[in-house]
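For reference, the structure is listed below as structure tokens.
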Amino acid sequence: VDSVYYAFVSQKEDLPMKVILINVHNSTDPTEYPGPARIAAYLREQGIDTKLMHIDINSEYSPDVYAREAISKLPIDYDFYGFTLFETNASYVYALAKLLKNKKPESFVFSGGHFAATAADSVLEDCQYIDFVVLGDGEYPMVNVIRAVEEGKDPSEIQAIKTRDD
């Protein structure tokens, strides 16, 4: 994390950070998840450029095939890519995280949500492409992580996130 983190900070200089929160979702489940919208609203209030995106899972495809199709829909100019993680979408999110990190290795890929928070160690073990997991509500931890990166500090020291260094 440190080598990617410091290279990332040195490249960014004074450009504003951009965050995209992505809900990878099975289209047969009509449930709406307000967490990412609340986080996006709070980040925007803090002056952080934040976008919400919804991508439906097509269960006819394997996670790798799905990810190759879905990656073309994701903008590549973001600094942080966040995913709400469920047991039902984890393999799809992991496949997307891999493609994102291969395409833009200096970006931060993270996950949050109840499943991610309760299984944070397993998430980080299962997917080397996820940089950190947000534990609990994401509004304040994400602002703190983004500000730390902007200030050239190590975001792994932020409380309420879990990294491999913890």
Side-chain angles (χ1 to χ4, degrees), residues 1-2 4-5 8-9 12 15-57 70 73-75 77-98 100-101 104 106-166:
V1 167
D2 288 342
V4 171
Y5 163 71
F8 176 69
V9 170
K12 293 307 296 177
L15 299 176
M17 294 285 160
K18 292 176 70 174
V19 178
I20 185 166
L21 303 175
I22 305 155
N23 185 18
V24 176
H25 187 264
N26 184 332
S27 61
T28 62
D29 178 4
T31 306
E32 184 175 335
Y33 301 99
R38 285 195 320 262
I39 295 167
Y42 186 73
L43 294 178
R44 289 172 184 150
E45 285 176 3
Q46 304 304 308
I48 298 166
D49 184 358
T50 306
K51 178 180 180 174
L52 283 168
M53 186 171 191
H54 178 89
I55 300 176
D56 284 329
I57 294 173
K73 299 173 186 169
L74 289 177
D77 60 336
Y78 283 78
D79 305 298
F80 291 87
Y81 293 84
F83 295 93
T84 302
L85 194 65
F86 301 98
E87 190 174 5
T88 56
N89 75 353
S91 59
Y92 295 91
V93 169
Y94 295 169
L96 268 171
K98 178 180 180 179
L100 275 170
K101 288 300 268 190
K104 191 172 181 188
E106 71 277 11
S107 66
F108 288 90
V109 176
F110 65 96
S111 65
H114 179 73
F115 175 74
T118 57
D121 289 324
S122 295
V123 169
L124 294 169
E125 184 179 313
D126 292 346
C127 185
Q128 68 184 14
Y129 305 99
I130 292 179
D131 297 302
F132 62 91
V133 174
V134 178
L135 307 173
D137 291 338
E139 291 86 340
Y140 298 121
M142 282 311 303
V143 168
N144 292 335
V145 167
I146 293 163
R147 297 296 183 235
V149 171
E150 288 175 334
E151 295 169 8
K153 296 178 182 173
D154 184 355
S156 70
E157 296 177 13
I158 302 296
Q159 291 185 8
I161 69 165
K162 174 77 173 167
T163 67
R164 283 178 189 78
D165 297 333
D166 294 338

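In this chain, residues are counted from 1 in sequence order. Values below: every heavy atom of this structure, side chains too, minus hydrogens, waters and symmetry copies.
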Task: Backbone N/O of Asp131 and side chain of Lys101: donor-acceptor pair under 3.5 Å - done: no
Open item on the list: How long is the straight-line distance from CD1 of Ile158 back to OG1 of Thr163, given to the nearest 0.5 Å?
Closed with: 10.5 Å
Open item on the list: Apply side chain to side chain contact (heavy atoms under 4.5 Å, CB included) to residues Phe80 and Ile48 and explain how you reach the verdict.
Closed with: CA-CA 11 Å; Phe80 291 87; Ile48 298 166; over 6 Å; no
Identify each donor-acceptor pair in which a side-chain atom of residues 109-125 lies under 3.5 Å from a protein atom, sequence neighbours left out, and give them as a table.
| from | atom 1 | to | atom 2 | distance (Å) |
| --- | --- | --- | --- | --- |
| Thr118 | OG1 | His114 | O | 3.0 |
| Thr118 | OG1 | Phe115 | O | 3.2 |
| Asp121 | OD1 | Lys162 | NZ | 3.1 |

Task: Steps toward side chain to side chain contact (heavy atoms under 4.5 Å, CB included) verdict (Arg164, Gln128) - done: CA-CA 9 Å; Arg164 283 178 189 78; Gln128 68 184 14; 4.2 Å; yes
- [ ] Could you tell me which residues satisfy side chain to side chain donor-acceptor pair (under 3.5 Å) with Arg147, sequence neighbours excluded, listed by chain and number?
- [x] Glu150
Open item on the list: With ring pair (Phe, Tyr, Trp, His ring centres under 6.0 Å) as the rule and sequence neighbours excluded, what pairs involving residues 142-161 come up?
Closed with: none
- [ ] Look up atom CG in Leu85 and atom CG in Asp126, then write down how far apart they are to the nearest 0.5 Å.
- [x] 9.5 Å
Open item on the list: Tell me every residue that passes side chain to side chain donor-acceptor pair (under 3.5 Å) with Lys98, counting only those two or more places apart in sequence or in another chain.
Closed with: none
Identify all side-chain donor-acceptor contacts of residues 132-141 below 3.5 Å with residues at least two apart in sequence or on another chain.
none

- [ ] Working to the nearest 0.5 Å, report the span between CE of Met53 and CD1 of Ile22.
- [x] 6.5 Å
Task: All pairs passing ring pair (Phe, Tyr, Trp, His ring centres under 6.0 Å) where residues 147-166 contributes a residue, at least two apart - done: none
